Amino acid sequence: MEYNFEEIEKKWQEYWRENKIYHVDIDHNKPKFYVLDMFPYPSGAGLHVGHPLGYIASDIYARYKRLKGFNVLHPMGYDAYGLPAEQYAIQTGTHPAVTTEKNINRYREQMDKIGFCYDWDREVRTSDPHYYKWTQWTFLQLFNSFYCNKCKKAQPISQLVDYLSKQGTEGLDVACTKPLSFTAKEWNAMSEREQQETLMNYRLAYLADTMVNWCPELGTVLANDEVQDGLSVRGGFPVIRKSMKQWLLRITAYAERLLQGLETLDWTESIKDVQRNWIGKSMGASVFFKVADKDIDFEVFTTRADTLFGVTFMVLAPEHEMIKELTTAAQRAAVEDYVTWAKNRSERERMSEVKKVSGVFTGSYAVNPFNGTKIPIWVSDYVLMGYGTGAIMAVPAHDSRDFAFARHFNLPIIQVVAKPGEEPSDPATWTESFDAKEGVLVNSEFLNGLTVKQAILHMIEELEKLGIGKGKTNYRLRDAIFSRQRYWGEPFPIYYKDGMPYAMDVNKLPLELPSIDAYKPTETGEPPLARAKNWVTEEGYPIETNTMPGFAGSSGYYLRYMDPHNDNEYFSREANNYWQNVDLYIGGAEHATGHLIYSRFWNKFLFDLGLACKDEPFQKMVNQGMIQGRSSIAYRVNLEKICEYAVWKRLKENKLGLTFVRDYKEGRRRFDFFCPEKGLIIEINRMGNLEKVAEPWRQYADEHGYRLLLVPIVDIINDFEQGTDYVRQRMRDFCMGKDVPALIQGEEYSGGPVFVSKNLPDIEQFSDPMLVDINIVHNDILDIHAFRDWRDDLKNARFICEKDKDGNKVFVCDWLIEKMSKSKFNVQNPDDLVAKYGADTLRLYEMFLGPLEQSKPWDTQGIEGTFRFLKKFWKLYSEISDEPATKEEMRSLHKLIKKEEEDIERISFNTVVSAFMICVNELTDMKCNKRAILEPLAIMISPYAPHIAEELWHQMGHNDSVVNQRFPEFDASNVVENTFLYPVSFNGKKRFDLELPLDMKQDDVQNAVVNAPEAKKWLEGVSIRKVIFIPKKIINIVVG
RNA sequence: GCGGAUGUGGCGUAAUUGGUAGCCGCGCCAGACUUAGGAUCUGGUUCCGUAAGGAGUAUGGGUUCGAGUCCCUUCAUCCGCACCA
């Protein structure tokens, strides 16, 4: 019987669906295992072969764990809110829900064909009111919470209100936007509005004026991770900085926990590093400097308190609020000019001009608290308002940016750290700063002689003693902007009373997204929701018109999967206690600073509320690599270039007995080819052009006594294609002085574009690469007919072919590894491959390609190999025998059991596929058809190729699903051997193999080796110095 | 600039703790069967050499009986971050 994958796959996909084979429920008799794929956004383009890579890996893992006796939660759903559907809505008026639904159906169809074991009963969509009810609910909890730094967790805001009314801010240690100070009396005297405003300083979801990334083209603000190089990640539109009232999440309150939590996670170091970097913890000191002759001071943050004696100037960010106060009358105009200029620069300009030094002196001086030195205070945009205090103490000797600034404005430089064991030198001679993290302090009074580390600690002590500074930790992480001026997102359950936001009642949730007439901002620039009719509460208060960002819905989705249909709570305690958190999370590394940080934050908050039982959502994570495309390239001939080149090749080799010069210039004229000796001009061009110039050129030639030959490119091309010699003959005659007409009128070249095969010599000189659809290229050979049909302009394409080994004319394409994308015509669609080879082949091949985490190109040919393997595998099962298996057969099987177990556990799927191939090759060679081998083998391959496994399982007489079987037990006794084929090396170089019993003693081994006939040659004339014998590994004889 | 990762045949890769470098597959070569092959099967395939043999895991060095693997150097490619004080 043939391996009919089409029929088999359809049959079993239906069987699994009808029998709900992949449905899971809480089962306290089994250990749980939670395998999750990163939430996909269903884009209109559908899946290409890169997308299912991670899904196949997680599917294999889930199926394997199930065979191992785990109760496996393996759900899938959709991150259904997103910009593309909304952009499309703006352009076409189609409701984004319609577009999204369509895309989801397409995704689902594609996924179903691959045979995943998702429990689709648990599907969630972020745009479903039953789902976003809980997104809104969580937002309200955030709104009604603050973060207590002492107990290191979120607490209800009512607790804070209580505290403030009793003690004011006295002794308060909570996360806030800026430290406030008031008494209980003052608090109690505040109006409700004032109190609400004050609470915004503490809420975990709060409304504030902030500098945001405003994207005018998209009409919305973007989060930091949605902006790259000053452009929006989606769409690539310019982004500017703008101050707006926005909702924010106080993720910074969790900075330390987000950082510490990384230590407990089984993630790659590189992702952890990206997150550490993003959180950007730095420990240093805040120091207050007095301003000379004024009764004010200002605060700087530094990680290098030890270098305080090396401070020669101060720098404030252009946005710093004390600039006005500090600017002297004489400097006012200059400072104002500079600040205006700096503020108006776009993010992009700033980023591209990082190296340019600019700044202005305020006219004021700070005072060094230890030696009274007056230090000039400058303003420069190399200091950022958003980090630390927006002011720095500059130590040019030991900071490269300060150094550049000091050199540019001729400010003094004082060395305060010397390299260990070296004397200080004159900084005037330096070409760069010495950014010393290690060294010994000099020129620093009481710090002299201390190491950098000691000096930092000592200085902080001194600062604290004087009450002008203290040790401080700073984070780079910013609060997450949570408002989007968009339609397609979760509405905020917030209404406004007296312009102050209030939380809606929880039992009003979900607050459903209203329908509107158009999806763009209003004429007055308000968000699209402002178009909604009656967008007010029952009491008539206006409802918030912003919507939530993409990461709102995707931050807690893994929890909802545990109990997806619960309308009374986010998820039940029972479900959460059973499923806990994700054991294996598979997805791309590109979410490192977005989703993966937001959802950790979201989870920690829910943990604080007592909802989530685990502090971290994703225990182990694997980031799959990208599948790159392999683009095909046809070289398109530049007609004039190639014809000139072809002629030049003949001329320069002097084959016509004359010396020609290429591109010869005479006065204002330029000849393609010129022979000064005989005054011959050869010009090559299109017929039309030649006709135009023929007359004046003829005159010119006559005047100078030259002879002229005008060669139309059409003639040369005809020679190429038809293998004729017309042009060559004409040139020869011309050179030999025969009477050749300068121009023979003829047809203009009217053929289509000309392409030239890859391996023809020198094609880089006269052709330009053009990307070709990979579907019309097989094994780098272009299908010429399909190519001509591909596009209208190629209908008349001509080809200069090369010959293959059999002498057939073929057109060979070049190739290039790059991103898989529609525009590069290199997209492999999984549907096509499933149709051609079946899902099992696709699954195996995607895994076989290489390590999951590595990026690798998609080789369109390679899939044949796994297809052949499955056919070979299928053949093993043609007649099943109940005879007992032989020792060799058992060995082969158990080798595979061990390999598969070990390799799946370490996420090495490619090597397992390879092990399957080895085993099947061995069994085929042994002509094995034993049930005792083939039954366990079918179970073992089922995670990888579930359809063929299920079919063969049933063919062997079973009525239950292969999915519900147990993975075979490895029995080491099947693989023990009593002899070993030792590689015998002399001086570390392997010379021959020798089979020896495993229990042989070293002396006997040595004897056996020395007496082996092959050894003789290597022992002649030398003596044995040493024998290295490692049982079951190697024998190495050291001779000399 | 800082941080991370990766460099092995024509290509994707393998070599779990230092122990036979190149498993498995693609491609290629030869053969078989075929009216035919982008079908199937068999054999071969790191490079140089007829062979014996030699060289060989980006580069140069080191440790070791033995290094793709450990240490140092340099180079290349990719990714992330970037006036972060």
Side-chain angles (χ1 to χ4, degrees), chain A residues 268-278 280-282 284 300-304 307 315 317 350-351 353-357 380-384 386-395 399-402 404-405 435 474-477 589-590 592-593 625-626 630 778-781 783 805 815 817 844-845 848-851 853-866 868-869 871 899 902-903 905-906 908 910-918 920-921 981-993 1017 1025-1030 1032-1040:
Chain A
T268 60
E269 267 316 295
S270 77
I271 292 270
K272 287 192 197 177
D273 266 345
V274 170
Q275 292 215 344
R276 283 186 196 116
N277 210 316
W278 191 258
K281 178 179 183 175
S282 53
V300 304
F301 174 73
T302 179
T303 55
R304 293 297 301 274
T307 59
V315 188
R350 263 180 45 106
M351 277 192 238
E353 291 169 10
V354 159
K355 293 264 140 56
K356 269 195 195 159
V357 177
S380 172
D381 67 353
Y382 85 89
V383 173
L384 305 177
Y387 188 75
T389 60
I392 62 154
M393 52 178 233
V395 187
D399 181 286
S400 56
R401 296 150 306 171
D402 297 345
F405 195 83
D435 297 4
N474 210 353
Y475 298 92
R476 200 183 73 105
L477 187 73
E590 69 273 16
T593 53
M626 290 227 297
R630 185 181 186 276
H778 307 283
N779 223 347
D780 292 338
I781 308 282
D783 179 338
K805 61 179 165 45
W815 52 271
I817 301 298
L844 277 169
Y845 184 55
F848 184 64
L849 231 38
E853 308 193 54
Q854 247 170 55
S855 286
K856 57 239 157 189
W858 180 265
D859 177 358
T860 40
Q861 296 296 312
I863 194 166
E864 302 272 352
T866 47
R868 276 197 276 270
F869 159 72
K871 285 193 279 190
K899 180 85 179 155
E902 286 173 357
D903 287 5
E905 293 292 354
R906 62 184 182 105
S908 173
N910 55 324
T911 50
V912 178
V913 178
S914 162
F916 280 135
M917 290 174 172
I918 293 167
V920 167
N921 287 346
L981 191 64
Y982 280 98
V984 180
S985 302
F986 291 83
N987 289 345
K989 187 84 197 163
K990 186 208 161 189
R991 295 305 175 183
F992 60 89
D993 291 313
K1017 177 170 167 185
R1025 296 249 168 105
K1026 197 171 174 187
V1027 175
I1028 315 284
F1029 169 64
I1030 316 285
K1032 251 194 133 174
K1033 290 271 181 202
I1034 197 170
I1035 300 164
N1036 187 19
I1037 317 274
V1038 186
V1039 295

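Each chain gets a letter, A, B and so on, in the order the sequences are listed, and its residues count up from 1. What you see is a predicted model, and the numbers here were worked out from it, not measured in a lab.
The distance from atom CZ of A/F992 to atom P of B/G53 is 12 Å, rounded to the nearest whole Å. Atom CH2 of A/W858 and atom C1' of B/C26 are 13 Å apart (whole Å). Atom CD1 of A/I1034 and atom C1' of B/U17 are 15 Å apart (whole Å). When rounded to the nearest whole Å, the span between CD1 of A/I1035 and P of B/G19 equals 17 Å. What separates CG of A/D402 from C1' of B/A85 is a distance of 7 Å, to the nearest Å. Atom-to-atom, CG of A/D859 to P of B/C24 comes out at 18 Å; the value is rounded to the nearest Å. When rounded to the nearest whole Å, the span between CG of A/D993 and P of B/A21 equals 10 Å. With rounding to whole Å, A/I271 atom CD1 is found 15 Å from B/C79 atom P.
Between the side chain of A/K899 and the backbone N or O of A/F916, no donor-acceptor pair lies under 3.5 Å. No donor-acceptor distance shorter than 3.5 angstrom exists from the side chain of A/N474 to the backbone of A/S282, with no hydrogens or angles considered. Checked by atom type and distance alone, the side chain of A/S855 pairs as donor or acceptor with a backbone atom of A/M626 at under 3.5 Å. Judged purely by atom type and a 3.5 angstrom limit, A/Y982 has no side-chain atom pairing as donor or acceptor with the backbone of A/D993.
Comparing B/A67 with B/U20, their C1' atoms are spaced 14 Å from each other, to the whole Å. Atom C1' of B/C47 sits at a distance of 34 Å from the matching atom of B/A39, rounded to the whole Å. Separation of the C1' atoms belonging to B/G19 and B/A51 is 30 Å when rounded to the nearest angstrom. Taking atom P in both B/U6 and B/G43, one finds a spacing of 37 Å when rounded to whole Å. The separation of B/A76 from B/U8, taken at their C1' atoms, amounts to 15 Å, rounded to a whole angstrom. Using atom P as the reference point in both B/C26 and B/C33, the two lie 23 Å apart (nearest Å). B/C48 and B/C11 have their P atoms separated by 14 Å, given to the nearest Å. B/C29 and B/G10 are spaced 16 Å apart, taking the P atom of each and rounding to whole Å.
In this structure, the side chains of A/T268 and A/E853 come closer than 4.5 Å at one or more pairs of heavy atoms. Within the 4.5 Å cutoff, side-chain heavy atoms of A/L849 are placed close to those of A/W858. Looking at heavy atoms from C-beta onward, A/F405 lies out of side-chain contact with A/D399 at the 4.5 angstrom threshold. Looking at heavy atoms from C-beta onward, A/F869 lies out of side-chain contact with A/Y845 at the 4.5 angstrom threshold.
Residue contacts shown for A/D903 are absent, as no nucleic acid heavy atom lies under 4.0 Å away. The residue A/N474 sits apart from the nucleic acid: no heavy atom pair falls under 4.0 Å. Among the protein residues, A/K856 comes within range of the sugar-phosphate backbone only, with heavy atoms under 4.0 Å from sugar or phosphate atoms but none that close to a base. Residue A/S400 is out of contact with every strand shown, counting any heavy-atom pair closer than 4.0 Å. Residue A/I1028 is classed as a base contact, given a heavy-atom separation below 4.0 Å to a base. A/I1030 comes within 4.0 angstrom of a base, heavy atoms only.
Comparing A/Y387 and A/S914 by the nucleotide of RNA chain B whose heavy atom lies nearest to each, the residue mapping closer to the 5' end is A/S914. Of the two residues contacting RNA chain B, namely A/K1026 and A/N910, the nearest-nucleotide position lying further toward the 5' end is that of A/N910.
Closest to the A/P851 side chain, of the nucleotides B/A14, B/A85, B/G80, is B/A14. You'll find that the side chain of A/L384 is closest to B/A85, out of B/C24, B/A85, B/G80. Candidate nucleotides B/U16, B/G25, B/A85 were compared by shortest atom distance to the side chain of A/K899, and B/U16 ranks first.
A sub-4.0 Å separation between OP1 or OP2 of B/A82 and a side-chain N or O of A/R476 is present. When the side-chain nitrogen and oxygen atoms of A/N1036 are compared with OP1 and OP2 of B/U64, none of them lie within a distance under 4.0 Å. An OP1 or OP2 oxygen of B/C65 is reached within less than 4.0 angstrom by no side-chain nitrogen or oxygen of A/S985. Side-chain nitrogen and oxygen atoms of A/R991 include at least one within less than 4.0 Å of the OP1 or OP2 phosphate oxygen of B/G54.
Scanning both residues, A/F848 and A/N910, for their nearest heavy atoms gives O-CB, 3.9 Å. For A/N1036 against A/S985, the heavy-atom pair with the smallest separation is OD1-O, 3.3 Å. When every heavy atom of A/V383 is checked against every heavy atom of A/G390, the shortest pair comes out as CG1-O, 3.5 Å.
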- Message: Once pairs are restricted to Watson-Crick or G-U wobble with both distances under 3.5 Å, how does RNA chain B read as a dot-bracket string, [ ] for crossings and | for other-strand pairs?
- Response: (((((((..(((......[....)))((((((.......))))))(((....)))..(.(((..]....))).))))))))....
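Nucleotide B/G66 carries an anti base; the chi torsion (O4'-C1'-N9-C4 or O4'-C1'-N1-C2) is more than 90° from 0.
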Give each protein N/O atom lying under 3.5 Å from an N/O atom of nucleotides 39-43 of chain B, with the pair distance.
unit_1: B/U40; atom_1: OP1; unit_2: A/K871; atom_2: NZ; d: 3.4

Atom pairs, N/O to N/O, protein against nucleotides 2-6 of chain B, distance under 3.5 Å?
none

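Within the cation-pi definition used here (under 6.0 Å to the ring centroid, within 45° of the axis), A/R476 qualifies as a partner of A/W278.
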- Message: One pair to check against side chain to side chain contact (heavy atoms under 4.5 Å, CB included): A/M917 and A/R868. What are the steps and the verdict?
- Response: CA-CA 10 Å; A/M917 290 174 172; A/R868 276 197 276 270; over 6 Å; no
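The aromatic rings of A/F301 and A/Y387 sit perpendicular to each other, their planes meeting at more than 60°, with 30° as the lower class boundary.
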